[in-house]
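Note that ligands are numbered from 1 as they come in the structure, with each ligand's atoms numbered from 1 the same way. Just so you know, these numbers come straight off a predicted model, no measurement behind them.
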Amino acid sequence: MEVTDKNSLQNMRQTARLGGGEDRIARQHKKGKQTARERINALLDPGTFSEIDTFIQHRATQLGMESKRPWGDGVVTGTGKINGRTVYLFAQDFTVLGGSVGEAHGRKIAKIMDLAYQNGAPLIGINDSGGARIQEGVDALAAYGDIFHRNVQSSGTIPQLSIILGPCAGGAVYSPAITDFVFMAEETAHMFITGPRVVKAVTQEEVDFESLGGAGVHGETSGVAHFTAPDEESVLEQVRWLLSYLPSNNLTHPPVVDSEDDPDRSTPELARLVPGDPKQPYDVRTIIEHIVDGGEFLEVQAGYARNLSVGFARMDGRTVGVIANQPEHFAGVLDIDASTKGGRFIRFCDAFHIPLLTLIDTPGFLPGIDQEHGGIIRHGAKLLYAYSEATVPKVSLILRKAYGGAYIVMSSKHLGGDMNFAWPQSEIAVMGPEGAVNTIFRKELAEADSPNAKKAELVQNYREEFATPFVAASRGYLDDVITHAETRERLNKALALLRNKREETSKRKHGNIPL
Ligand code: HXC
């Protein structure tokens with residue numbers, strides 16, 4: 001089309017902005033979904049979107065494609081601001097060729113990824129696509145490969161966020177999987193390697209879209225999704241909240257906000273919030289909320305591996321990554337899922353200069369055939385590896401108990417913990433008193449006139465002698481034993497003390513984390 005004056009350019013833009021046209025837009029709305037441009041406008045600060053590649057077109061000619069050559073090729077790309085900071089983004093437009101990925105579509109995404117990487121700003125992808133464009137064959141596959149490669153090259157340099165607001169099927173899932181955080185809308189978002197029909201053909205299993213790859217499945221069972229929300233608006237709100245904690249790239253630090261919460265605020269209530277009985281459950285998120293600025297905690301993967309709670313908060317206005325055993329679920333035990341969840345979160349924080357605040361209350365690693373056969377040795381090692389490898393400030397507090405391998409793994413001094421604290425009543429031991437007494441005094445207990453009374457006495461002795469924080473403190477494995485009331489103040493002081501921490505890492509290509 002020849003562009004003769006400004007009006008025709010405006011007309012062309014108008015046509016491009018209509019995507020697949022009024023009917024397809026109406027169909028999109030009927031499914032409870034917004035269009036790509038509506039989503040972009042809802043996500044960005046008002047009036048900040050600047051679009052590029054509006055007039056991209058594919059050059060395919062097979063299977064009737066020569067007569068379907070929409071401007072934009074099913075994806076909208078550009079830059080804008082969130083909370084006043086620049087982001088780069090792409091949003092697939094399902095109303096245009098089902099948002100399918102062909103050569104031009106893929107190159108457009110690759111271009112915006114390159115710009116995000118070169119300019120050190122977060123990349124956000126809004127996914128709503130039928131997958132590889134069937135009519136473009138290997139060019140469509142090549143386009144995906146180019147995107148995956150860029151995802152990997154950008155990993156650890158800029159935050160990469162994937163928002164799934166429609167289908168994301170086949171190999172397409174691997175771009176979100178590589179990015180740092182995956183968001184899914186309930187009911188409209190689905191992710192799977194193969195859909196229900198293929199599953200039925202191959203395994204004879206009957207399953208629908210939602211039970212195979214809906215937000216519920218990926219938020220709670222598979223752990224693929226880090227955030228889920230009931231509708232698109234809430235998902236986009238979560239994205240804005242998450243970005244408020246993150247730096248734009250790995251060469252800068254997260255934004256510092258003016259905190260109205262006194263960094264030295266006394267926290268005596270923590271004493272009553274944690275039950276004295278080591279077996280009694282409580283919600284560790286309440287403890288986190290009482291310690292951090294303004295009680296604001298953005299939990300990541302809240303529905304998955306709930307025995308470990310991880311997420312972002314601020315201390316004295318600065319972002320911290322919180323990792324806390326959650327006694328409300330399975331007593332806060334460490335299992336395969338909790339280990340991989342914690343390990344990945346720690347590595348994200350380490351890549352982006354976010355100090356780690358670890359709250360420990362765990363009976364140890366979960367025993368069991370399932371766990372052993374599932375590879376708890378390999379997966380538990382990921383958490384250990386991540387803590388040990390991290391060079392950001394690492395501050396920890398033992399709330400109640402730290403037994404066995406879990407004591408070592410959870411940010412201990414031995415793995416390079418910078419400041420390690422414990423509350424006075426906490427217990428650190430190779431194992432819990434009951435297990436220890438049963439192991440060491442099996443013979444004595446069998447021979448005792450009153451085994452129960454004997455056991456109670458031995459448990460009490462063990463507790464006094466071993467299950468206390470003062471042995472660890474006497475060795476310097478703990479830097480101090482602190483009171484509940486001074487907890488927020490002491491943690492803030494520790495984080496301030498470590499603010500300029502520098503740690504050289506050895507010269508190597510990369511380590512070999514047990515994947
Ligand atoms: C070309 C596609 C397409 C695709 C959808 N469309 N997917 N065109 N290639 N992969 C087109 C449809 O033909 C239709 O065009 C329009 O998009 C809307 O699709 P509908 O089917 O009408 O929408 P809906 O009923 O909502 O169903 C959505 C859907 C379904 C579930 C996503 O379209 C679907 O199953 N698509 C195929 C999914 C798939 O198998 N993709 C390949 C995965 S393998 P018209 O003109 O009629 O409106 C893969 C490999 C990647 O991606 C490997 C990377 C390494």
Chemist: Check ligand 1 against Phe148 and write out every atom of the ligand that is under 4.0 Å from a heavy-atom position of the residue.
Modeler: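 Answer, ordered by atom number: 55 (C).
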
Chemist: Give the contacting part of Tyr174 toward ligand 1: side chain, backbone, both or neither, where contact means a heavy-atom distance below 4.0 Å.
Modeler: neither

Chemist: Report yes if some N/O of Ser129 lies less than 3.5 Å from some N/O of ligand 1; otherwise report no.
Modeler: no

Chemist: Ignoring hydrogens and angles, state whether a donor on the side chain of Glu38 or His29 is under 3.5 Å from an acceptor on the partner side chain.
Modeler: yes

Chemist: Would you say the side chains of Gln62 and Gln135 form a donor-acceptor pair under 3.5 Å?
Modeler: no

Chemist: Of all the non-hydrogen atoms in the protein, which one sits nearest to atom 48 (O) of ligand 1, and at what distance?
Modeler: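 Of the protein heavy atoms, Arg24 NH2, 2.6 Å lies nearest.
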
Chemist: Under 6.0 Å from the six-membered ring centre of Tyr117 and within 45° of its axis: does the NZ or CZ of Arg150 meet both?
Modeler: no

Chemist: I'd like to know if the side chain of Lys341 reaches the main chain of Leu308, judged simply by a donor and an acceptor atom lying under 3.5 Å from each other, with no hydrogens or angles considered.
Modeler: yes

Chemist: Is any side-chain N of the basic residue among Glu503 and Lys501 closer than 4.0 Å to the acidic one's carboxylate O?
Modeler: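 Salt bridge between Glu503 and Lys501, a charged N being under 4.0 Å from a carboxylate O: yes.
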
Chemist: Any N/O of Gly98 closer than 3.5 Å to an N/O of ligand 1?
Modeler: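 In this structure, Gly98 places an N or O atom under 3.5 Å from an N or O of ligand 1.
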
Chemist: So, His105 and Gln92: side-chain donor and acceptor under 3.5 Å apart, yes or no?
Modeler: yes

Chemist: Would you mind finding which of Gly130, Ala169, Gly170 brings a heavy atom closest to atom 42 (C) of ligand 1?
Modeler: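 Selected option, by shortest heavy-atom distance: Gly130.
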
Chemist: Just jot down the ligand 1 atoms closer than 4.0 angstrom to any heavy atom of Ile134, in number order.
Modeler: 1 (C), 4 (C), 9 (N), 10 (N)

Chemist: Please could you name the atoms of ligand 1 that Tyr144 approaches to less than 4.0 Å, counting only its heavy atoms?
Modeler: 51 (C), 54 (C)

Chemist: For Leu141, which part has a heavy atom under 4.0 Å from ligand 1: side chain, backbone, both, or neither?
Modeler: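 Within the 4.0 Å criterion, Leu141 contacts ligand 1 through side-chain atoms alone.
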
Chemist: Which of the numbered atoms in ligand 1 are under 4.0 angstrom from any heavy atom belonging to Lys31?
Modeler: 26 (O)

Chemist: Do Gln118 and Tyr88 have a side chain donor and acceptor closer than 3.5 Å?
Modeler: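 Result is no, nothing qualifies.
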
